[in-house]
Amino acid sequence: AQSVTQLDSHVSVSEGTPVLLRCNYSSSYSPSLFWYVQHPNKGLQLLLKYTSAATLVKGINGFEAEFKKSETSFHLTKPSAHMSDAAEYFCVVSEGNFNKFYFGSGTKLNVKP
Amino acid sequence: GAVVSQHPSWVICKSGTSVKIECRSLDFQATTMFWYRQFPKKSLMLMATSNEGSKATYEQGVEKDKFLINHASLTLSTLTVTSAHPEDSSFYICTPILAGVLETQYFGPGTRLLVL
């Protein structure tokens with residue numbers, strides 16, 4: 001069975017400070033992991049994905065995430081937050097070739113000026 | 001450009017009516033289509049999986065007679081919410097898949113349904 005836990009429902013940072021959005025997963029097999037962002041009233045946009053290649057994954061807009069199998073984590077980070085980063089972020093796990101996605105509950109990122 | 005389109009993007013209807021949502025895969029042939037539902041301020045929930053030319057597989061707790069899914073071609077899948085009620089108000093999102101290819105994981109822009 002697979003599941004995703006996003007530990008923080010809300011994260012608030014100041015512009016220019018680092019961002020850390022936490023995600024832990026459980027999976028019976030080697031998972032593929034993704035981070036998606038959803039801006040208000042917009043569709044989902046893929047930030048980055050891990051599919052058993054390099055454990056440190058770089059995505060768009062300066063985001064990156066590190067797959068840590070021993071900790072079953074896939075935390076999302078960014079060195080310096082921008083106002084435009086304010087959105088909801090979803091951590092997603094997928095197994096096998098069937099491509100079913102299981103979503104975390106989401107983390108709403110607020111960026112203060 | 002867009003890889004997936006959904007129509008309509010917004011729909012408001014009266015309770016008891018049926019609403020059809022179309023999802024089109026624009027750049028590739030989707031052998032599989034996932035339909036998700038997102039409640040306000042909540043995460044996405046997988047509703048069903050459809051394979052072209054066969055019956056959809058519904059996730060536990062999803063009423064198949066209420067949410068009719070048709071995947072008649074490799075580029076079009078439809079979700080019909082039958083006899084809609086206010087609790088069906090939600091954001092519905094489709095994801096066409098070329099089976100086994102994770103790179104083709106694109107989410108549609110979503111359809112916002114409001115049932116009065």
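Order of the sequence lines fixes the chain letters, A, B, ..., with proteins taken first and strands second; residue numbering starts at 1 for each chain.
Between B:Leu44 and A:Leu44 there is a side-chain heavy-atom pair separated by less than 4.5 Å.
Both A:Leu47 and A:Tyr25 belong to a single network of hydrophobic side chains, linked directly or stepwise wherever heavy atoms of I, L, V, M, F, W or Y lie under 4.5 Å apart. Taking hydrophobic clusters as Ile, Leu, Val, Met, Phe, Trp and Tyr residues chained together by side-chain heavy-atom distances below 4.5 Å, A:Val11 shares a cluster with A:Tyr89. Residues A:Leu21 and A:Met83 are members of one and the same hydrophobic cluster, defined by side-chain heavy-atom contacts under 4.5 angstrom among Ile, Leu, Val, Met, Phe, Trp and Tyr. Follow the hydrophobic side-chain contacts under 4.5 Å out from A:Ile60 and you reach A:Phe74 in the same cluster.
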Derivation of the side chain to side chain contact (heavy atoms under 4.5 Å, CB included) call for A:Phe90 and B:Gln38 | CA-CA 12 Å; A:Phe90 293 98; B:Gln38 185 179 28; 3.5 Å; yes

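Looking only at distances, no side-chain donor or acceptor of A:Ser105 sits under 3.5 Å from a matching main-chain atom of B:Ser43.
No more than 12 heavy atoms of other residues, nucleotides or ligands lie within 6.0 Å of NE2 in B:His7, so this atom counts as exposed by the packing criterion.
The aromatic rings of B:Phe107 and A:Phe101 sit tilted relative to each other, their planes meeting at an angle between 30° and 60°.
For A:Gln38, the part lying under 4.5 angstrom from a heavy atom of chain B is the side chain only.
The aromatic ring centroids of B:Phe39 and A:Phe103 lie 6.0 Å or more from each other.
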